[in-house]
Amino acid sequence: MNHMRTDENTGLTSAEAARRRRVHGPNNFDISIDDPLWKKYLDQFKNPLIMLLLASAGVSLFMRQFDDAISITMAIIIVVTVAFIQEYRSEKSLEALTKLVPPKCHCIRDGQLTTFLAEDLVPGDIVTINIGDRVPADVRLFEASGLSIDESSFTGEIEPVNKIVEAQQISNSNNLSERRNIAFMGTLVRCGKGKGIVIGTGQDSEFGEIFKMMQAEEAPKTPLQKSMDTLGKQLSFYSFLVIGIIVIIGWIQGRKILDMFTIGVSLAVAAIPEGLPIVVTVTLAIGVMRMAKRKAIVKKLPVVETLGCVDVICCDKTGTLTKNEMTVTQIITSERNQAELTGVGYNANGHVNIVHCNSDPTEAMRSFKKVIEVGFVCNNAELTQEGLMGSPTEGAILGAAMKMQLPNLRQQYVRVEEWPFSSETKIMMVKCHPLGDETNPIWFVKGAMEKVLDRCTHYYNCGQSATLYEKQKLQYLDDAHVLAMRGLRVLSMAYGNSPTTLVFIGLVGIMDPPREGVSEAIHTLRGMGLSVKMLTGDGEDTAKAVAARIGLYAEGVRTMSGDELNSLDVVHLSKSIESIAIFYRMTPGHKLKIVKALQAGQHVVAMTGDGINDAVALKTAEIGISMGETGTDVSKEAADMILVDDDLSTVLAAIEEGKGIFYNIKNFVRFQLSTSIAALSLVAIAMIMRLPNPLNAMQILWINIIMDGPPAQSLGVEPVDHDVLRKPPRKVQDNIITRSLILNTLTSAFIIVCGTMWIFHEEMEDGKITPRDTTMTFTCFVFFDMFNALSCRSNSKSIFQIGFFTNRMFLYAVGGSILGQLLVIYFPPLQAIFQTEALYSSDFFLLIALTSTVFIVSEVRKFFTRREEHQLLHQREMVFYPENLV
């Protein structure tokens, strides 16, 4: 009190509080936007691909090709706007922290208990907190009556912390659970009441430290964004290089410079991939919609594809791998009968299964109910429509009573006195008497086994009490130890007519059970080549027990504590982190350090979490995944993806979509590149051979419309191939333009150029260029494009495997392009514009037979590719599932 210059009874004066507010600022978080929105919007135009498109639009406008200029400009606006919205929404992760400060608080000012906005609190204020309140600032307690505070959003530990007022020696300042005389801002009062002095507000609180960490971290660029940047630069450089060479050759050959400039501009428009950003955006948006149907909400479009690169998933235990609802799973009576309870959470869903019985089953069931009856009466929790009010451990006992169809037993007793649980006594005790009978008081006790047994002189035996001997006490202690080794929280129960001569009735094992399907999801993720790591604030035994249940822990698996992690820097941690599967006693700083160590090892990290303590790591990881049902507002805002149903198996569906989207984008790039290379090569060969241009400027622009238009873009909406789940994660450093993609692209381009040049040569027998010659050449190239697009629907699967009608958008796009080509050939006004003339039906038979070769060659290549991929997948499955060798 002297240090803070305040009085615990009268608090601060209004004048002193105003002075301190000027010094320390308001009790909130300063959310500032450094740059105005218009500047952030303009910054999106610095992307190399966007700048290239702007140049293309400018050239088109200069050449009075207004249609192209308008279409390119629209593409730019769409892409830039989407990117701007993504960046704007990402800033919400910081703004969500303002929700942590409750709007009002109860504070003593000028000697009066008043209620006002929590943002007006200052260090030195005296505040009171009661059950259901959120702590308005960091408070050093000097009064605490049965005060229990839920700090799970901080520490990840579901069990509320029982607060004390005595000074403490702290072994680890980062371990908040050790600082039991402080109530932290934003935490929830589960039980009791307290009073204390404000020692930290706003950014000077523990939540303020998390806020500063989030401000210091920047979300990394996604692999797709990096690939698109590289691709844009590469295509720009090589396209302009080839176009420049073509124009120079034509000028040296004495061709008209204006004609060459027109052809050059047309080739530039055709070669520059203005359709690429649109296809990427549309493909990602469709992936987002698909994932929403599968209960995964994605906030940033590029994140969808990044899922296909994830090779490490760091899972927060509480609320992600487990339900975050304590549940009684084991009951052992004083007769040493044992039962298992099924079902999860604070509800009646589940059954009681007797697994070991030393007496009559009916009598044994009576004993099980007696154990829960004691726990029910010696209990302050309430189940309401809003959920559990009180301790989750006590809520678990209420859930067990509901499964046993026990009535509200508290109504049968009148509580006279209560001794709340404390760290010293480690028991809770209530004195009651039956309703209508005040002459027979009964003490109901629950708590730690050793403390309860110390007060017991008898044990319950088939409805009677019998003398309890030391040998039996040792057996009960062994039973409790066995449950504790399984990661269960053990509570023992007793009752009697005196608090020192109790009758021991039995014990319960309580756990936060794994979510349904978690173990199967982890098995599948590991089979895909992903490493799964569990992070928890719990102790080592609990962490190992939960990990063993979900298939993450076995003998030989390495674990690491928060203290061990403190002794390592990021560089040294990155060298050893590969082999560690379980991290326990974790703090927010620890989780961030783990993510950075993995990233230093060139891993793409997905981090799951639901608490405020996870927010910084969620933002730093390439993919932050928050829980939709149990997640806090801050974790949801910091995350890139939200699992609506809190089901880890939903991540599998998201990864499937992410991988499928990347392959769709690659298929589009393969189609576009093969068309671009073919068009450039066609004109270049004609130049070098001193032949007339096989295509005029309008025809090249028409090919550009097909290349960047509906047929190309429909490749981006190809249904996801489910076999992608069997493929390993894509490496971030891998370029989108791989060696195999270049080989396939050049093969297709070579066939297109050879076929088109053959038609051009055959038609131009007299050495003069006629409308028929260019029409046949033009139509040949377009038909090649259509068959090439058909082959690009999949890189490895035959069209007969994926089906002709599985992508209706593709069929509509190709049908529309063919119809448009027929109009160009037969519609007189278009004939004049494109310099074409009508063709005979025999011409079409010849063209179809010739242009289908690009499709046939691709199908043959896919056959051998499938054989090779099948062998590689079989080898991988033998590594991850060696039991298949048997």
Show which side-chain atoms of residues 459-470 pair as donor or acceptor with protein atoms under 3.5 Å away, not counting sequence neighbours.
residue, atom, partner, partner atom, Å
Y460, OH, G463, N, 3.4

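- With N379 contributing its side chain and G375 its backbone, the two residues share a donor-acceptor pair below 3.5 Å.
- Within a 6.0 Å radius of NZ in K295, no more than 12 heavy atoms belonging to other residues, nucleotides or ligands are found.
- For T501 (side chain) and N497 (main-chain N/O), no donor-acceptor pair under 3.5 Å exists by modelled atom type.
- Partners of T650 under the side-chain hydrogen bond (donor to acceptor under 3.5 Å, both in side chains) rule, at least two apart in sequence or in another chain, are D645.
- Applying the side chain to side chain contact (heavy atoms under 4.5 Å, CB included) test to I182 and every residue at least two apart in sequence or in another chain returns R140, R179, F184, I199.
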Identify every side-chain donor-acceptor pair in residues 541-551 under 3.5 Å, counting partners at least two apart or on other chains, and give the distances.
residue, atom, partner, partner atom, Å
K544, NZ, E540, OE2, 3.0
R549, NH2, R486, O, 2.4

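- N358 contributes a side-chain N or O that, together with a main-chain N or O of E335, makes up a donor-acceptor pair within less than 3.5 Å.
- Residue pairs meeting the ring-ring contact (aromatic ring centres under 6.0 Å, His included) criterion with at least one member in residues 481-506, sequence neighbours excluded: Y476-F504.
- A search for side-chain hydrogen bond (donor to acceptor under 3.5 Å, both in side chains) contacts involving Q338 returns Q330, not counting sequence neighbours.
- Aromatic rings of F444 and Y413 (six-membered ring for Trp) have centroids within the 6.0 Å cut-off, being under it.
- The heavy-atom pair separating A144 from V165 by the smallest distance is N-CG1, 3.7 Å.
- Checked against side-chain hydrogen bond (donor to acceptor under 3.5 Å, both in side chains), N440 has the following partners two or more places apart in sequence or in another chain: D437.
- Sorted by first and then second residue, the salt bridge (Lys or Arg N to Asp or Glu O under 4.0 Å) pairs involving residues 401-421 (not counting sequence neighbours) are E382-R410, R415-E418.
- Residues in residues 349-361 take part in no salt bridge (Lys or Arg N to Asp or Glu O under 4.0 Å) pair, two or more places apart or across chains.
- Every side chain to side chain contact (heavy atoms under 4.5 Å, CB included) that N353 has, sequence neighbours left out, goes to T342, H351.
- L406 is linked by a side chain to side chain contact (heavy atoms under 4.5 Å, CB included) to K369, I372, A401, M404, L409, counting only residues two or more places apart in sequence or in another chain.
- Here the closest non-hydrogen pair linking L535 and I594 is CD2-CD1, 3.9 Å.
- A salt bridge does not link E166 with R180: none of the charged nitrogens is closer than 4.0 Å to a carboxylate oxygen.
- Considering only residues two or more places apart in sequence or on other chains, E143 meets the side chain to side chain contact (heavy atoms under 4.5 Å, CB included) condition with K195.
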